[in-house]
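Numbering of ligands and ligand atoms starts at 1, following listing order. Small disclaimer: the values here were computed from a predicted structure and weren't measured.
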Amino acid sequence: MKNTKYVFVTGGVTSSLGKGIIAASLAKLLQERGYTVTIQKLDPYINIDPGTLNPYEHGECYVTDDGAETDLDLGHYERFLNIPTSQANNVTTGRIYQSVIDKERKGEFLGKTVQVIPHITDEIKERIQLLGNTGEFDIVITEIGGTVGDIESLPYVESVRQLLWELGHENAIVIHLTLVPYLAAAGELKTKPTQHSVKMLMQSGVSPDILVCRTEHEISDSIKRKLALFCNVKEEDVIESIDAKTIYDVPVLMLGEGLDKVVLKKFQLPIDKQPELKVWNEFLTKFKNPKHTVEIGLIGKYVELHDAYKSISEAFIHAGAQNEVKVNINWIHSEDLTATNVPRKLKNLNGILVAPGFGERGIDGKIEAVRYARENNIPFFGICLGMQMAVIEFSRNVLGLKDANSNEMDSETQNPVIDLMEEQKSITNYGGTMRLGAWDCQLLKNSKIANIYKKELISERHRHRYEFNSSYLEAVEKAGMIATGKNPKTDLVEVVEIPSHPWFVGVQYHPEYKSTVLNPHPLFVDFVKAALEHSLL
Ligand code: GLN
């Protein structure tokens, strides 16, 4: 059993400072030094999980192997660390309260008055230590969502205060991420907002051990000294986090600043093994020195907010670097596409990806995009709803089933080529009730997809309620679209391909969730390769 150490990451001054990336970068460095590390995100909102949140609110909902619908930061953790996260890695206030209220209903508090302190804080502390108690990790990094001073963050900060006291300073520390703004008129970096946010933290009884300062300009030693003096930290514990060109630079920058070293020093853990970041740096070199550029159209209905497709755009970064190609994502709103304007709007593309999604809005444009890719031999990649749109387009325009549709969009259609899954028919509650998480998929020997994966049994993550209606499979296959991946137990169609097309693949699952810097996803890598070939035609 390991004596797990805890790092808490809080944020001050403003939101969006990139706590998740700092946490992931620190974890990466510690991992490179040989420590086992995991990261957890505590989200102060009352939703039970982000699954039912509109993507415009917090961006994409990330799905883990064990079927948790989580905050997109978990995607960064996996992409940086190359190890899977789970339900325990994301906790929301809603879940904390749900659990406490359930216990109260069961009489577990023996008639006591149930209060924020100690009942809610006890529950938070239990969730924080859940990962540590597995004995698997040397270090657990817990990111507290929100900004210090928010009413909704208070129980979390109080829980941190209690844990610091209970676990002792050699076992638990706080990193406070803050903003040091530059005032152009004064020509100066300003420390006051940081002083105030640290003061705010101290009012809750928590004193930061390390300050990580987001800044647009280098922080001089004298500013560091000033911050140290006013914020009760040592000068070496003031870490500069200068704006980076890419999030993947941050581990390298943090290594330069010695963030991992000061953390290990506080825990009195050995710092002899230097992080090499060999593969990481190789990736960065390729990413920054592309030999070609490809234009990929990402067709979706939330494209105004790129975070809604975070894992997809990151998977393109990994796949681009692998191919030494710069992937230019053209964000295309599916509502803007019509049969008449598609040839003009999509004509410069070397690859078309139709994105996942829910509901009717924008699906006609998605179908037109599939048609254009299919008829013009442009590499096509359909993910989840994108795969379903490919089946609908094929059924309408090749099979001639003019009203072919998904029951999700038209419950009256005579040709529901995409139908609600049997086990979904009795479900009335939204939230955690889709077909979620990792499922096996058997690939057809010698199919394009089996050749891409270089194996025939794969496991990928899912998040959907509808499926390919197998009563249409024979007709669809006869017309030239083949099911090349199926669930080995239920026969549910997971992959469709058009073998007569240079690259036309639709997958019911979400490959983007499993792409990491160390393991770029083979489907994305091959799609980018096909786009490169298209660009050279
Ligand atoms: N709306 C579709 C379904 O539920 C697709 C979901 C998705 O793209 N994640 O099956």
Side-chain angles (χ1 to χ4, degrees), residues 49-56 58-65 67-70 72 75 298-303 305 307-313 315 334-335 352-367 369-370 380-393 395 404-411 413 416-439 441 460-470 472 483 485-487 490 492-496 505-515 523:
D49 59 42
T52 45
L53 282 171
N54 186 322
Y56 287 129
H58 292 270
E60 150 192 295
C61 167
Y62 186 78
V63 178
T64 58
D65 273 335
E69 297 181 290
T70 73
L72 59 72
L298 193 155
I299 323 288
K301 66 171 175 177
Y302 308 110
V303 291
L305 183 73
D307 270 3
Y309 303 103
K310 195 76 201 163
S311 293
I312 293 179
S313 56
S334 51
E335 277 183 305
I352 292 178
L353 184 145
V354 175
F358 295 83
E360 207 182 351
R361 185 166 71 91
I363 67 144
D364 292 336
K366 288 189 171 177
I367 292 172
V370 180
F380 168 82
F381 192 4
I383 298 183
C384 207
L385 184 70
M387 172 266 199
Q388 298 176 354
M389 292 302 116
V391 173
I392 293 171
E393 190 279 325
S395 307
N405 214 330
S406 162
N407 267 333
E408 182 180 2
M409 321 305 167
D410 177 5
S411 53
T413 176
V417 291
I418 304 293
D419 200 3
L420 192 61
M421 277 181 283
E422 202 47 46
E423 73 260 25
Q424 289 286 328
K425 291 188 176 153
S426 54
I427 290 173
T428 49
N429 257 3
Y430 290 121
T433 55
M434 282 187 246
R435 179 172 182 248
L436 288 165
W439 294 84
C441 172
E460 291 281 6
R461 300 180 193 171
H462 296 71
R463 183 170 186 251
H464 64 123
R465 293 186 201 281
Y466 294 82
E467 62 174 334
F468 187 119
N469 182 345
S470 55
Y472 289 87
K486 288 184 183 168
N487 179 297
T490 62
L492 187 145
V493 174
E494 303 276 24
V495 186
V496 293
V505 178
V507 291
Q508 185 58 77
Y509 52 80
H510 291 262
E512 69 274 22
Y513 293 144
K514 281 178 74 167
S515 187
L523 267 177

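- Ligand 1 is approached by His510 to a heavy-atom distance shorter than 4.0 Å.
- Just one residue in the list Glu69, His510, Arg461, Arg463 forms a side chain to side chain donor-acceptor pair (under 3.5 Å) with Tyr62, and that residue is Arg461.
- Across every non-hydrogen atom of Gly386 and Phe380, the tightest pair is O-CZ, 3.9 Å.
- When hydrogens are left out, the protein atom nearest atom 3 (C) of ligand 1 is Arg465 N, 3.5 Å; that is the closest non-hydrogen contact.
- Shortest contact from atom 1 (N) of ligand 1 to any protein heavy atom: Glu408 OE1, 2.7 Å.
- Here the shortest heavy-atom pairing between Glu467 and Gln508 reads CA-OE1, 4.2 Å.
- No side-chain donor from either of Arg361 and Ser334 sits under 3.5 Å from a side-chain acceptor of the other.
- For atom 10 (O) of ligand 1, the nearest non-hydrogen atom of the protein is Tyr466 N, 2.8 Å.
- Ring pair His462/His464 is tilted by interplanar angle, where 30° to 60° counts as tilted.
- Among the atoms of Gly357, some N or O lies under 3.5 angstrom from an N or O of ligand 1.
- Every N/O-N/O distance between Ile383 and ligand 1 stays at or above 3.5 Å.
- The protein heavy-atom contact nearest to atom 7 (C) of ligand 1 is Cys384 SG, 2.9 Å.
- Looking only at distances, a side-chain donor or acceptor of Glu408 sits under 3.5 Å from a matching main-chain atom of Gly359.
- Against a heavy-atom cut-off of under 4.0 Å, Arg463 is close to the following atoms of ligand 1: 6 (C), 7 (C), 9 (N).
- Counting heavy atoms closer than 4.0 Å to ligand 1, residue Gln388 contributes side-chain atoms (C-beta onward) but none from N, CA, C or O.
- A donor-acceptor pair is defined here as one N or O able to donate and one able to accept, closer than 3.5 Å; no such pair exists between the side chain of Lys301 and the backbone of Glu360.
- Polar contact check, Gln508 against ligand 1: no nitrogen or oxygen pair lies under 3.5 Å apart.
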